[in-house]
Amino acid sequence: MFNGIFHIRKPENEPVFAYAPGSRERGELKARLKEMLENPVEVPCMIAGREVTTGDLVEIKAPHNHRQVLGRYHRAGVNESEMAIDAANEAKIAWSEMEWSSRATVLLKAAELLSGKYRQTLNAATMLSISKTCYQAEIDSACELIDFWRFNPYFMTEVYDDQPISTRNFLNYMEHRPLEGFVLAISPFNFTSIAGNLPTAPALMGNAVVWKPSSTAVLPAYYIMKILGEAGMPDGVINMLLGPGPVIAPPILNHLDLGGVHFTGSTYVFSTIWLSIGSDIRKYYSYPRIVGETGGKDFIFAHASADPDILVAAIARGAFEYQGQKCSAPSRVYIPDSIWPRIKERLLDEISTMKVGDVCEFGNFMNAVIDREAFDKIVGYIEFAREDPDMEILCGGTYDDSEGYFIQPTVVQSRDPRSKLMSEEIFGPVVTIYVYPEKQYEETLEICNTTSPYALTGAIFAQDRFAVVKASKALRGAAGNFYVNDKPTGAVVGQQPFGGSRASGTNDKAGSWLNLERWTSPRAIKETFLPPTDYRYPFLDED
Ligand code: NAD
């Protein structure tokens, strides 16, 4: 039995490669993209460390090119769901009893593998299957996931280090046990890092997991499983099921051994999951721990003292990088009338230089939206804006799905601060601006705070410190991640723990000890050295 006192040093964030012309990383990535395009893969489910094929095959297509078939995956059904639960329950026994330092080394090794030989594999898979530029893939599938795998073992030691007070006669200690039962992880399409974090965070804390990645992000999920396997993740600790959530999830959610759900995705699906668990809560062995990070209607709020260049760059990057498909992407902007004419001119100028197209052409700033459903939904909002007399499309508003799901960066001006486009999550390259009377700064802050049900991210742009303080106070509940003079996207593990409240989720802050704590069920132990030998207290004695 290992008896050393093991320390994990506080990591540093993984440096981001620039992919400039002529750089080594650009050459390596291009080679890997070519290889992946020429060699479609067949992706099985992974249960108990075995590749499970069902024969129910689905094509994996690139969103930016309908003709590009990247492979096929085997769709799971109810049988596979049951097999995965059994595998998790069995693997959990030895895994949860293993020393925490051994569990940590699996993720630390996975981080090194991803930082090195798998970096361009996961970046290429992310670019091709969820349509990201090389830079957007690099900050997601390389850097953020490496950070999750390096920082979480460190955060685990912070959780375990939290010990109660002891005295000379009593020794008190806390054991952070894993949850009883298994954990179900369900991940969204838009971040490979989130896909890699959702199953591994509970696993690190000693849980075994059934993981259902998004059906539109199967390829990155496949490589994540390969990396974890090579890093030494024991069979059955993470079991991957591919296919539609409404088919795969119900038997798992209804299983009485369900210990927890680690979800990221839309507010609607999360509330469906919560309702399903809540509808018959008495059947479970323990109350399932439910953690969900969900939708957003993120904002940028400009004060009259905002620096115009900084503001324009923040709107352009924040709203349009990754086609506005980041949960943190600002999609409503409040600008005072005094600076609007200048901002408008510069913003439209900047947007006119943005190119939209295939991920393999590195000059493109934007690529395609994820699928037909997303395309139709976003187009619906654009057409709604076109018809509404209170709205004006200032640029973009065009789209084309003949080759891939392309939508041009679109700016809408809304005269109504509570219109549909100012309040609903669109999750696409559409940003809506409300121009407010400069003198109504405080009233407009209140409108911003009360317009949408979400509270994920937001930003204030101002040079005047009074304005910053006022906004921070008025918008205290409006965002779990609040930025001052910076765009509200791009949270970094260890720097900006991420998550929001209201309809945006349970705010359990991915990328911090707060999230890891949720995958434990602490046991407090009191040990008394010299216990009493008589039940009587002194006050019972006669005077
Ligand atoms: P989604 O809700 O459509 O899907 C998320 C996952 O749930 C997928 O794996 C999907 O297959 C599964 N699913 C769908 N229906 C299900 C059901 N009935 N039961 C169980 N599982 C089901 O979300 P998406 O389109 O993949 O991602 C976009 C959404 O995710 C946006 O709303 C975005 O804001 C949100 N998001 C939030 C964060 C955050 O940290 N707050 C991060 C990323 C994405």
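All ligand and atom numbering here is 1-based and tracks the order in the structure.
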key: Per-residue contact class, Leu456 against ligand 1 - non-hydrogen pairs under 4.0 Å   = side chain

request  = Give the contacting part of Phe263 toward ligand 1: side chain, backbone, both or neither, where contact means a heavy-atom distance below 4.0 Å.
outcome  = side chain

inquiry  = Just to be sure I'm reading this right: ignoring hydrogens, which of Lys212, Lys509, Glu425, Lys326 gets closest to atom 32 (O) of ligand 1? Compare them by their nearest heavy atoms.
reply    = Glu425

ask   = Between His66 and Tyr405, is the gap from one ring center to the other below 6.0 Å?
value = yes

request  = Compute both the distance and the angle, then confirm whether Arg119 meets the cation-pi test with Phe17: under 6.0 Å from the six-membered ring centre, within 45 degrees of the axis.
outcome  = yes

The single option from Thr200, Asn197, Asp147 passing side-chain hydrogen bond (donor to acceptor under 3.5 Å, both in side chains) against Asn152 = Asn197

inquiry  = For atom 35 (C) of ligand 1, what is the closest protein heavy atom, and at what distance to 0.1 Å?
reply    = Gly265 O, 3.2 Å

message = Side chain or backbone, does Phe189 bring an N or O within less than 3.5 Å of an N or O on ligand 1?
response = yes

task = Assess Phe498 for proximity to ligand 1: is some non-hydrogen atom of it under 4.0 Å away?
result = yes

request  = For the pair Asn123 and Tyr19, evaluate side chain to side chain donor-acceptor pair (under 3.5 Å) and give the outcome as yes or no after the intermediate values.
outcome  = CA-CA 12 Å; Asn123 279 344; Tyr19 296 87; 3.2 Å; yes

ask   = Does an N or O anywhere in Ser215 fall below 3.5 Å from an N or O of ligand 1?
value = no

inquiry  = Any nitrogen or oxygen of Gly243, side chain or backbone, less than 3.5 Å from one on ligand 1?
reply    = no

key: Per-atom contact, atom 4 (O) of ligand 1, protein heavy atoms, under 4.0 angstrom   = no

request  = List the steps and the verdict of ring pair (Phe, Tyr, Trp, His ring centres under 6.0 Å) for His262 and Trp211.
outcome  = CA-CA 9 Å; His262 200 192; Trp211 172 34; over 10 Å; no

task = Answer yes or no: does an N/O atom from Thr267 fall short of 3.5 Å to an N/O atom of ligand 1?
result = no

